[in-house]
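Indexing begins at 1, ligand by ligand and atom by atom, following the structure's order. Sequence positions, counted from 1, serve as the residue numbers for this chain.
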Amino acid sequence: MTKSGFVAIVGPPNVGKSTLLNSYMGTHLSAVSRRPQTTSRNVLGILTAPQGQFVFLDTPGLIQRKGAVYEFMRSQIKSALGDADLVLLMVEPRYKPDDELASFIKSIDKPVLLAINKIDLIKDKLTLLPLIDRYLSLELDEVYPISALKGEGLSELLKGLFKAAPRGEPYYPEAEITIYPMRFFAAEAIRESLFELYGEEIPYSVFIEIEEYKEQEGRKDLIQAILYVERESQKPIILGRGGEAIKRLGTRARKKIELLSGRSVFLELWVKVAKNWRKDPSFVRRATKPPEKYLPE
Ligand SMILES: Nc1nc2c(ncn2[C@@H]2O[C@H](COP(=O)(O)OP(=O)(O)OP(=O)(O)O)[C@@H](O)[C@H]2O)c(=O)[nH]1
Ligand SMILES: [Mg+2]
């Protein structure tokens, strides 16, 4: 018997959703950082195992802030929840189940499994029991303590997901790990590098547009990306003295892209100002749009 299904990974910012996706994929597909709101659009990863196939959708963190960017992020979560057969709700031990979470769970008309991530940070695992009990009192199908980073509990969670998944044939060929194009992941690699190299609001103030992604036989692939900043004053920060900072950014992002694509890359970065783009819904939509259609024909 084969199982297959779409799994939406949802939860508050920074709990480790993207880390879990990467652990299951065995490759660094989704951007991870120490800071919240790293993921700004859904990332799709395909996991094929002997029991069947999951199409994971890693989503932006649930957040109630106002603004075009946040509205876009919420629309991404909504779309993943709509496409999902199963929902994997992720939290970490410092979160306590509250009414808001309870009503969120109630609002989902699909099986919801809960993962309490980052249990490697808990010395005495017994202290988790009351928390697990509190979660179990909500309308959840199962609760799994895990560490996405250290790999603890991941096979139990996967088993649980397969148990809850509908029967069905795999959606995609076994060898596929995603159906998003490399240009999507190139932008994500640049975003992750921004989080690693720049502080404060800079990583959030940049949106990345891949102008050109040319695979070239016999020579390096050519990628040209535009980094739009919100204000003129952010431009010199991105560039750094003598262009040092952006050079470092380019090198770091290029290495990530080369690792994922398995090809040599020439990455060109340009910085432009798009005044207050975060407040402009049409710009946000254009900038962050993931591939429209990902269900197989
Ligand atoms: N100790 C520990 N840290 C973890 C674990 N999983 C993730 N982290 C760390 O938590 C931080 C956030 O991880 P992400 O995977 O980016 O979290 P996210 O939920 O995708 O965050 P957003 O995309 O911002 O919503 C990173 O610094 C991770 O290294 C874990 O199991 N244990
Ligand atoms: Mg994330």
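- Residue contacts with ligand 1: Val15 is placed with a nitrogen or oxygen under 3.5 Å of a nitrogen or oxygen of the ligand (distance criterion only).
- Salt-bridge annotation for Arg263 and Glu217: present, with a side-chain N of the basic residue lying under 4.0 Å from a carboxylate O of the acidic one.
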Yes or no on ring-ring contact (aromatic ring centres under 6.0 Å, His included) for Phe195 and Tyr204, after CA distance, side-chain angles and deciding distance?
CA-CA 8 Å; Phe195 274 98; Tyr204 303 105; 5.2 Å; yes
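- With Gln51 contributing its side chain and Lys3 its backbone, the two residues share no donor-acceptor pair below 3.5 Å.
- At least one N/O-N/O distance between Gln37 and ligand 1 falls below 3.5 Å.
- Side-chain polar atoms of Ser30 and Asn22 form no donor-acceptor pair below 3.5 angstrom.
- Within ligand 1, the atoms closer than 4.0 Å to a non-hydrogen atom of Pro36 are 24 (O), numbered from 1 in the order shown.
- Between the side chains of Glu174 and Thr48, no donor-acceptor pair of N or O atoms lies under 3.5 Å.
- Between Phe56 and Ile9, the closest heavy-atom pair is CD2-CD1, 3.9 Å.
- Set against the non-hydrogen atoms of Gly61, the atoms of ligand 1 under 4.0 Å away are 25 (O).
- Aromatic rings from Phe6 and Phe54 are positioned such that their centres are separated by 6.0 Å or more.
- Side chains of Thr59 and Gln76: no donor on one and acceptor on the other come within 3.5 Å.
- Shortest contact from atom 32 (N) of ligand 1 to any protein heavy atom: Asp120 OD1, 2.7 Å.
- Of the protein's non-hydrogen atoms, the one nearest atom 23 (O) of ligand 1 is Thr39 OG1, 2.8 Å.
- Remark: Lys17 does not engage Glu92 in a salt bridge, criterion side-chain N to carboxylate O under 4.0 Å.
- Residue Pro13 approaches ligand 1 through these ligand atoms, each under 4.0 Å from one of its heavy atoms: 25 (O).
- Distances between N or O atoms of Leu149 and those of ligand 1 include at least one value under 3.5 Å.
- Some N or O of Gly16 is nearer than 3.5 Å to an N or O of ligand 1, by distance alone.
- The N/O atoms of Ala148, backbone and side chain alike, include one that comes under 3.5 Å of an N/O atom in ligand 1.
- Of the N and O atoms on the side chains of Ser205 and Glu230, at least one donor lies less than 3.5 Å from an acceptor on the other residue.
- For atom 12 (C) of ligand 1, the nearest non-hydrogen atom from the set Val32, Asn14, Leu20 belongs to Asn14.
- Ligand 1 has a nitrogen or oxygen under 3.5 angstrom from a nitrogen or oxygen of Ser147.
- Nearest protein heavy-atom contact of atom 13 (O) of ligand 1 is Thr19 OG1, 3.5 Å.
- Considering only heavy atoms from C-beta on, Val284 comes within 4.5 Å of Trp277 through its side chain.
- Nearest protein neighbour of atom 11 (C) of ligand 1, counting heavy atoms only, is Ser33 O, 3.4 Å.
- Within the 4.0 Å heavy-atom criterion, both parts of Ser18, backbone and side chain, lie near ligand 1.
- Because its NZ or CZ atom is both nearer than 6.0 Å to the ring centre of Phe184 and within 45° of the ring axis, Arg41 counts as a cation-pi partner of that residue.
- Close approach to Leu121 involves these atoms of ligand 1, each under 4.0 Å from a residue heavy atom: 1 (N).
- With 2.8 Å as the limit, Ser18 counts as an N, O or S neighbour of the Mg ion (ligand 2).
- When distances to the Mg ion (ligand 2) are checked against a cut-off of 2.8 Å, Thr19 contributes no N, O or S atom below that limit.
- The shortest contact between atom 6 (N) of ligand 1 and any protein heavy atom is with Asn117 ND2, 3.1 Å.
- For Lys256 and Glu196, the salt-bridge test passes: some basic side-chain N is under 4.0 Å from an acidic carboxylate O.
- Short contacts between ligand 1 and Arg34, defined as distances under 4.0 Å to a heavy atom of the residue, involve ligand atoms 27 (O).
- Counting only heavy atoms of the protein, atom 25 (O) of ligand 1 lies nearest to Lys17 NZ, 2.7 Å.
- Remark: minimum distance from atom 4 (C) of ligand 1 to any protein heavy atom is reached at Lys118 CE, 3.7 Å.
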